[in-house]
Undergrad: 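The structure's right below; bear with me while I get my questions together.
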There are 2 protein chains.
Amino acid sequence: MMHTEPEVFGAISHPARRRMLDLLVDGDRPVNEIAENFEMSRPAVSQHLRVLLGAGLVTEQRHGRERRYRLVPEQLEPVRDWIAHYERFWDDNFTRLRRHLEKGDKR
Amino acid sequence: MMHTEPEVFGAISHPARRRMLDLLVDGDRPVNEIAENFEMSRPAVSQHLRVLLGAGLVTEQRHGRERRYRLVPEQLEPVRDWIAHYERFWDDNFTRLRRHLEKGDKR
DNA sequence: TTGACAGGTAAGCATCTCCTTACGCATTAT
DNA sequence: ATAATGCGTAAGGAGATGCTTACCTGTCAA
């Protein structure tokens, strides 16, 4: 299954979906247990889960009449990789200094 | 100026806006120079820049009739912080082991 | 087998997003 | 002063998003 990077960025752009992933950090959960944490209707939750599924950020396991969702954290790697490119600009003083010296004053 | 975290996630959800930030890593740039790199019309570029501005990810400097945009990488920190919460699940075997021992098998 | 429960799909609607073209307004060049 | 340049805003339209209610299917329990 191929997941394009943009799909992941889109999937995490909604606060509810980020909270869903946060919930799944503590373990797999069935839909109703996830839905308890949100004001929206259960179908709305299902739809958010489909987006996460589409981005490969979660998988589904059927257990009887339940469907448990499981986090697939590796799929966040493109986000981490992209962000990593910027981190040095705010939390690495040596790099900032080096950059300053290399490029001259940009002001 | 207050910027809500969700605004940042939304801002970076569009590939064009991520590429714009990537361009600004190498230094401040006027709009036309940014626009050269995209197929879309210049107004469309302006509108993307407004989104980035709204999220606090860039600032504007007027230089004569030009407006140079400058990256404000610290604003990406909420994204980094959120992502950091997940990194250990794919690239830190010790943490994974520790977690496993602490919490017991969740399967 | 009948009912309750888990949870997905359908349909409809409001709103947002992203793009376009047309235009306006400064600033610089002639 | 006039024209050209840089770049924003306005308006409008196509399609995506995000929500809702109504409905359907599959599983478990009585």
Side-chain angles (χ1 to χ4, degrees), chain A residues 1 3-24 27-72 79, chain B residues 1 3-24 27-72 79:
Chain A
M1 209 184 314
H3 298 292
T4 59
E5 171 183 325
E7 226 175 338
V8 175
F9 281 91
I12 66 165
S13 73
H14 196 292
R17 288 195 291 263
R18 286 197 301 281
R19 281 219 295 129
M20 287 177 192
L21 295 178
D22 291 344
L23 280 170
L24 294 176
D28 307 354
R29 289 178 197 285
V31 176
N32 277 334
E33 208 176 311
I34 295 169
E36 282 169 11
N37 296 274
F38 296 88
E39 303 280 298
M40 70 190 86
S41 69
R42 195 193 36 69
V45 172
S46 270
Q47 286 160 24
H48 280 301
L49 287 171
R50 286 198 98 234
V51 173
L52 294 173
L53 214 43
L57 286 165
V58 301
T59 56
E60 213 188 51
Q61 280 86 35
R62 278 158 226 240
H63 282 259
R65 61 182 164 183
E66 284 186 348
R67 303 189 188 194
R68 300 207 190 141
Y69 283 87
R70 172 172 303 172
L71 184 64
V72 185
V79 180
Chain B
M1 211 183 313
H3 299 292
T4 59
E5 174 183 322
E7 227 175 337
V8 175
F9 281 91
I12 64 164
S13 73
H14 197 291
R17 288 194 290 264
R18 288 198 300 282
R19 282 218 294 128
M20 287 176 192
L21 296 178
D22 291 344
L23 280 171
L24 293 176
D28 307 355
R29 290 180 197 282
V31 177
N32 278 334
E33 207 176 313
I34 295 169
E36 283 170 11
N37 296 274
F38 296 88
E39 301 281 297
M40 70 189 84
S41 69
R42 196 194 34 69
V45 171
S46 270
Q47 286 160 23
H48 280 301
L49 288 171
R50 287 198 96 234
V51 172
L52 294 173
L53 214 45
L57 286 165
V58 300
T59 56
E60 213 187 52
Q61 282 85 34
R62 280 159 225 240
H63 282 259
R65 61 183 163 182
E66 284 188 347
R67 302 190 189 195
R68 300 206 188 142
Y69 283 87
R70 173 172 302 172
L71 184 65
V72 184
V79 181

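Sequence lines set the chain letters: A, B, ... in the order given, protein chains first and strands last, and positions in each chain run from 1.
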Undergrad: What pairs with E36(B) under salt bridge (charged side-chain N to carboxylate O under 4.0 Å, His left out), at least two apart in sequence or on another chain?
TA: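 If we apply the salt bridge (charged side-chain N to carboxylate O under 4.0 Å, His left out) test to E36(B), skipping adjacent residues, there are no hits.
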Undergrad: Who are the side chain to side chain donor-acceptor pair (under 3.5 Å) partners of N37(A), not counting sequence neighbours?
TA: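 Per chain and number, N37(A) pairs via side chain to side chain donor-acceptor pair (under 3.5 Å) with no residue.
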Undergrad: Rounded to the nearest 0.5 Å, what separation is found between the CG atom of L24(B) and the CG atom of L57(B)?
TA: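 Reported value, rounded in 0.5 Å steps: 10.5 Å.
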Undergrad: I need the CD-P distance between E66(B) and dA29(C), as an integer number of Å.
TA: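 Distance check: E66(B) CD to dA29(C) P gives 11 Å.
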Undergrad: Expressed in angstrom and rounded to an integer, what is the separation of Q47(A) atom CD from dG8(C) atom C1'?
TA: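 Taking atom C1' of dG8(C) as the reference, CD of Q47(A) is at 10 Å.
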Undergrad: At their closest point, which heavy atom of S13(B) faces which heavy atom of G10(B), and how far apart are they?
TA: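 Heavy atoms of S13(B) and G10(B) come nearest at OG-O, 2.7 Å.
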Undergrad: Do you know the tightest heavy-atom contact between V8(A) and A55(A)?
TA: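 Where V8(A) meets A55(A) most closely, the heavy atoms are CG2-O, 3.9 Å.
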Undergrad: Pairs in or reaching into residues 40-59 of chain B: which pass side-chain hydrogen bond (donor to acceptor under 3.5 Å, both in side chains), with residues at least two apart or in two chains?
TA: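 Non-adjacent pairs meeting side-chain hydrogen bond (donor to acceptor under 3.5 Å, both in side chains): R17(B)-H48(B), T59(B)-Q61(B).
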Undergrad: Could you tell me which non-hydrogen atom of L21(B) sits nearest to which non-hydrogen atom of V58(B), and how far apart they are?
TA: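 Minimum heavy-atom contact is CD2-CG1, 3.8 Å.
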Undergrad: Tabulated below should be each protein N or O lying under 3.5 Å from an N or O of nucleotides 22-28 of chain C; please produce it.
TA:
residue, atom, partner, partner atom, Å
dT27(C), O3', R65(B), N, 3.4
dT27(C), O2, R65(B), NH1, 3.4

Undergrad: Please report the distance, rounded to the nearest Å, between NE2 in H14(B) and C1' in dC16(C).
TA: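 Atom-to-atom, H14(B) to dC16(C), this comes out as 13 Å.
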Undergrad: Could you tell me the separation between the CZ atom of R29(A) and the C1' atom of dG7(C), rounded to a whole number of Å?
TA: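 Nearest whole value for this atom pair: 17 Å.
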Undergrad: Of the options dG8(C), dC19(C), dC18(C), whose atoms approach the side-chain atoms of S46(A) most closely?
TA: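 That would be dG8(C).
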Undergrad: Check the distance between dG8(C)'s C1' and R68(A)'s CZ and give it to me in whole angstrom.
TA: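 Between C1' of dG8(C) and CZ of R68(A): 18 Å.
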Undergrad: Does dA6(C) have OP1 or OP2 under 4.0 Å away from a side-chain N or O of Y69(A)?
TA: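 Looking at the OP1 and OP2 atoms of dA6(C), neither is under 4.0 Å from any side-chain N or O of Y69(A).
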Undergrad: Would you mind reporting whether V45(A) and M20(A) have side-chain heavy atoms less than 4.5 Å apart?
TA: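 They are in side-chain contact.
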Undergrad: Which nucleotide of DNA chain D is the first, and which the last, in the 5' to 3' direction, to come under 4.0 Å of a heavy atom belonging to chain A?
TA: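 Range of nucleotides within reach of chain A: dG18(D) to dC28(D).
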Undergrad: Which heavy-atom pair separates Y69(B) from V31(B) by the least distance, and what is that distance?
TA: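 Y69(B) and V31(B) have their closest heavy atoms at CE1-CG2, 3.4 Å.
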Undergrad: What is the nucleic acid contact for R17(A), judged by heavy atoms within less than 4.0 Å: base, sugar-phosphate only, or nothing?
TA: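 Sugar-phosphate: the residue R17(A), judged by heavy atoms under 4.0 Å, touches backbone atoms but no base.
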Undergrad: Scan residues 31-40 of chain A against DNA chain C and write down, sorted by residue number, each residue with any heavy atom closer than 4.0 Å; if none is found, say none.
TA: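 Contacting residues: V31(A), N32(A).
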Undergrad: Is the closest side-chain heavy-atom distance between F38(A) and R19(A) below 4.5 Å?
TA: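 Touching, per the 4.5 Å side-chain cut-off.
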Undergrad: Drop me the distance from L52(B)'s CG to H14(B)'s NE2, to the nearest 0.5 angstrom.
TA: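 Between L52(B) CG and H14(B) NE2, I get 10.5 Å after rounding to 0.5 Å.
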